[in-house]
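Predicted model only: the values in this text are computed from it and were never measured.
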Amino acid sequence: MWFHLFFYVFMLFISEIMRIFVASINQVTVELIITVFITMKKLLLCLLATGLLAPALAQEKFEKGKPNNDNYRYLDDYKALKEYINHDKYPNFKLGVGTDVNGYLQNNSIVQKMVNKNFDETVAGNEMKMGSVVNNNGEMNFTTVKNYVNKATNAGINVYGHTLAWHSQQPKGWLLKLLADKPDPTAEEIYTVVASKDFRNNKTIGFWKADEAENGYTLKFDATNGLIIVTTKSKPWEIQFVPMDNIMLQTGKTYKMTFTVKGSKTGKLDGRIGDWYGGANFTINFTNEWQDVSVDINPTMDSNFMLIHVPNYIGDVYIKSIKFEGDKRPTIPQTKQEMHDTLVYAMDKWIKGMMEACDGKVKAWDLVNEAISGGGNDGQGNFLLQHSEAYNPNGNPDATWDVGGDAFFWQDYMGDLEYVRQACRLARKYGPEDIKLFINDYNLESDWDNNGKVKSLVGWIKKWEADGVTKIDGIGTQMHISCFENDQIQDGIKKHITAMFQIMAASGKLARVSELDMGYVRGSNRWASSIKTEQLTEAEHKKMADFYEWIIKEYFRLIPPAQQWGICQWCANDAPSNSGWRGGEPVGIWDANFYRKHVYAGFVRGLNGSDPTAIEVIKANETPDTSKGIYNLQGVRLSATSLDELPAGLYIVNGKKVVVK
């Protein structure tokens, strides 16, 4: 496109030069110059037509098929995927992709350019999950989330949030600490010292203090009073130092911290137990008499230091000692209501933090991920919700299908209804006004249970919404599927994909294919493993492309435009052999080296509703008339008399472009 613009401007420029120059020379010279000009123009047009100016139009590798293989040259001519979407017909449809966020954040990276050029929507593979943001001390770090959301939205790409509530990839350590047994309030208090410092003997402070001379204070020690803070200036916070460090406490427990302290007059000390970025704040009030002043401390991390301030005080402060005592009373379990309320606090903290980090730019979320099990009966004909193995309602093992990494089942403690209702309430409280919330799950296209899981999901949505407050906007079907060599198995898979789309459409909810990817299974064993990418034949690659095409067209056929959210391809590239997800399988639209596969053409045909404009595909049962010859795109007649003799690619037959697959 840029070259064509340059060429047009260049020709206008030459024409103007000619006009000025002609005015001052004789007729013979004019004729000579015009002849040269026309020759130059023809030469430039020839260069343009033959592609000799290709460097100005150089393609990225993700815009081309596999190099040095004529079977893939036809892919070089296809446009970016999202250019094939008919937005007049499908105005709400978005083409998304699961994204390697680290790769995307690298400026000008191939991942960033490929995503921005081909897709409307990007989804983080892991970086927006709770376990990626919240550590086992309950501390949250949204730096990567903010960078990713800003980078994508600034490029005009929508970010779809994945995921707010899930049982896998959770900060399990923090959540279990929150639910730990509590001291028995009926038992006598028994405390034991876990950390202490007596400044009468240990005449040191910790690793840092603010400048004494600049801020008007000095620190000194004596054997009677311990640490003495002498202040000569009244400042709100600048007089500060670390009296103790390496304080080992346990997150989730309550400790009694005691200062033995007095001042030359009444005052207070403000402080924090934690690190430079956060922790548990406290205040110690003192008089001019020695007192043991105790406060409860609930640490937010295990390894701490203490930072104290002497605010707005001129005079002396004396600290003999500081100690931390842990409660050694017998413990009892928290009540069900206490555990519920504690987890609502944790969920509130997490969802509020995420929504603030996204700054209203992420308009749609997987509210709850993979909640439905694959069996059991809730008494209303629906499969059970997933629960931990320890929970197992009525001893039913069908409730635990997917343990996952760092599994923590919120619904064990909050209940099947409250788990989702609370997540929905908080997402709408802190999210943008126009937020859309989806329930996302796998195996909704399942043939072995006659689509039992998607039917159950629709049933559970009705139960969650029965309070008249909770509103679920959409259903996400992951569709981690396989293409089967056996036509009978493949037909059964297709039948249940069709049924799934019909059920989703009948629900009235938005419908999204959320994590589409595909392997390939040979033979007649329905449960055989997918073969590896290097084993795949050209014919098998093309069968996968045809299956992708069929899925996309079936989505458009069955999901009304008003209910369409879109389709997200989970794997842009084929999985490397060491991948934790479908390792070594041909799951991508591009290969591992970012070259287009035949699957790319399948997506194009599905999105376009047919093959690319002005290109005809020769079906297996068609025999085109080639009696007038077969030509390549340069207009050269080929020696072949049948398309069967030619490799995959684009050709001219009877004045029309045809693609041989």
Checklist entry - So, do Trp365 and Met354 sit near enough that their side-chain heavy atoms are less than 4.5 Å apart? => result yes

Checklist entry - Strictly by modelled atom types, are Thr477 and Tyr442 linked by a side-chain donor-acceptor pair under 3.5 Å? => result no

Checklist entry - Out of curiosity, Leu367 CG to Thr163 OG1, how far, rounded to the nearest 0.5 Å? => result 7.5 Å

Next on the checklist: As an exercise, state the distance from CD of Gln411 to CG of Leu417, rounded to the nearest 0.5 Å.
Outcome noted: 11.5 Å

Next on the checklist: Does Glu418 form a salt bridge (charged side-chain N to carboxylate O under 4.0 Å, His left out) with Arg425? I'd like the steps, not just the answer.
Outcome noted: CA-CA 10 Å; Glu418 277 289 286; Arg425 177 184 67 83; over 6 Å; no

Next on the checklist: Using the side chain to side chain contact (heavy atoms under 4.5 Å, CB included) definition, which of the options Ile157, Asn107, Val101 pairs with Lys151?
Outcome noted: Asn107

Checklist entry - Do you know the tightest heavy-atom contact between Cys424 and Lys471? => result SG-O, 3.5 Å

Checklist entry - CG/Leu444 to CD1/Ile497 distance, rounded to the nearest 0.5 angstrom? => result 11.5 Å

Checklist entry - To the nearest 0.5 Å, what is the distance between CG (Leu607) and CD (Glu83)? => result 11.5 Å

Next on the checklist: Just checking Trp590 against Tyr595, ring centres under 6.0 Å apart?
Outcome noted: no

Checklist entry - Can you check salt bridge (charged side-chain N to carboxylate O under 4.0 Å, His left out) on Glu63 and Lys117, steps first, answer last? => result CA-CA 10 Å; Glu63 297 177 304; Lys117 184 152 192 175; 2.4 Å; yes

Checklist entry - Do side-chain atoms of Gln564 reach the backbone of Leu510 as a donor and acceptor pair under 3.5 angstrom? => result no

Checklist entry - Taking atom types as modelled, is there a side-chain donor on Gln422 or Trp410 under 3.5 Å from an acceptor on the other? => result no

Item to check | Residue among His541, Met544, Glu540 satisfying side chain to side chain contact (heavy atoms under 4.5 Å, CB included) with Cys483 | outcome: Met544

Next on the checklist: To the closest 0.5 Å, what do you measure between CG (Asn450) and CG (Asp447)?
Outcome noted: 9.0 Å

Next on the checklist: Side chains of Trp350 and Leu426, heavy atoms from C-beta outward: is any pair under 4.5 Å?
Outcome noted: no

Checklist entry - Any idea which heavy atoms bring Val111 and Tyr104 closest together, and the distance? => result CG1-N, 3.8 Å

Checklist entry - Is a side-chain donor or acceptor of Asn608 paired with a backbone partner of Val604 at a separation under 3.5 angstrom? => result no

Checklist entry - Angle class for the Trp166/His162 ring planes (parallel below 30°, perpendicular above 60°, tilted otherwise)? => result tilted

Item to check | Check: His598 ring centroid to Tyr72 ring centroid under 6.0 Å | outcome: yes

Checklist entry - If you measure from the Lys or Arg side-chain nitrogens to the Asp or Glu carboxylate oxygens, is any gap between Asp76 and Arg73 under 4.0 Å? => result yes

Item to check | Given Met479, His480, Arg582, the one that forms side chain to side chain contact (heavy atoms under 4.5 Å, CB included) with Trp570 | outcome: His480

Checklist entry - Does Lys495 NZ have over 12 foreign heavy atoms under 6.0 Å away? => result no

Item to check | Among Lys363, Arg512, Lys82, salt bridge (charged side-chain N to carboxylate O under 4.0 Å, His left out) partner for Glu121 | outcome: Arg512

Checklist entry - Centre of Trp565's six-membered ring, under 6.0 Å away, within 45 degrees of the axis: is that where NZ or CZ of Lys94 sits? => result yes

Checklist entry - In terms of side-chain heavy atoms, does Ser132 have a donor or acceptor partner in Asn126 at a distance below 3.5 Å? => result no

Checklist entry - If you draw the axis of the six-membered ring of Tyr84, does the NZ or CZ of Lys79 fall within 45° of it and under 6.0 Å from the ring centre? => result yes

Next on the checklist: Between Asp449 and Ser446, do the side chains contain a donor N or O and an acceptor N or O under 3.5 Å apart?
Outcome noted: yes

Checklist entry - Nearest 0.5 Å, what's the CD1-NZ distance between Ile551 and Lys553? => result 12.5 Å

Checklist entry - Taking atom types as modelled, is there a side-chain donor on Lys129 or Asn369 under 3.5 Å from an acceptor on the other? => result no

Next on the checklist: We want to know whether Asn382 and Lys463 form a side-chain donor-acceptor pair, criterion being a heavy-atom distance below 3.5 angstrom.
Outcome noted: no

Next on the checklist: Could you check, using the six-membered ring where one of them is a Trp, whether Tyr548 and Trp550 have ring centers closer than 6.0 angstrom?
Outcome noted: no

Checklist outcome for this item: In terms of heavy-atom contacts, Glu370 and Gln386 come closest through O-NE2, 3.2 Å

Checklist outcome for this item: Heavy atoms of Pro561 and Tyr90 approach each other most closely as CG-CD2, 4.4 Å

Next on the checklist: Donor-acceptor check, side chain of Asn573 to backbone of Gly588, threshold 3.5 angstrom: yes or no?
Outcome noted: no

Checklist entry - Is there a side-chain contact between Val368 and Asp366, using heavy atoms and a 4.5 Å cut-off? => result no

Checklist entry - Mind checking whether Lys542 and Val599 have side chains closer than 4.5 Å, heavy atoms only? => result no

Next on the checklist: Quick check: closest heavy atoms across Ile439 and Ile472, and the distance to 0.1 Å?
Outcome noted: CG1-CG2, 3.6 Å

Checklist entry - Are Asp473 and Arg428 close enough, and set up right, to give a salt bridge (charged side-chain N to carboxylate O under 4.0 Å, His left out), and what steps lead you there? => result CA-CA 12 Å; Asp473 297 296; Arg428 296 200 185 279; 2.8 Å; yes

Checklist outcome for this item: Test side chain to side chain contact (heavy atoms under 4.5 Å, CB included), reference Asp517, set Glu585, Gln569, Gln478, output is Gln569

Checklist entry - Are Thr99 and Phe119 side-chain neighbours, meaning at least one heavy-atom pair lies under 4.5 Å? => result no

Next on the checklist: Please verify the inter-ring angle class for Phe93 with Phe556; under 30° counts as parallel, over 60° as perpendicular, anything in between as tilted.
Outcome noted: tilted

Checklist entry - Which heavy atom in His167 sits nearest to a heavy atom in Tyr419, and how many Å separate them? => result N-OH, 4.4 Å

Item to check | Evaluation steps, salt bridge (charged side-chain N to carboxylate O under 4.0 Å, His left out), between Asp591 and Arg596 | outcome: CA-CA 6 Å; Asp591 66 18; Arg596 291 172 175 175; over 6 Å; no

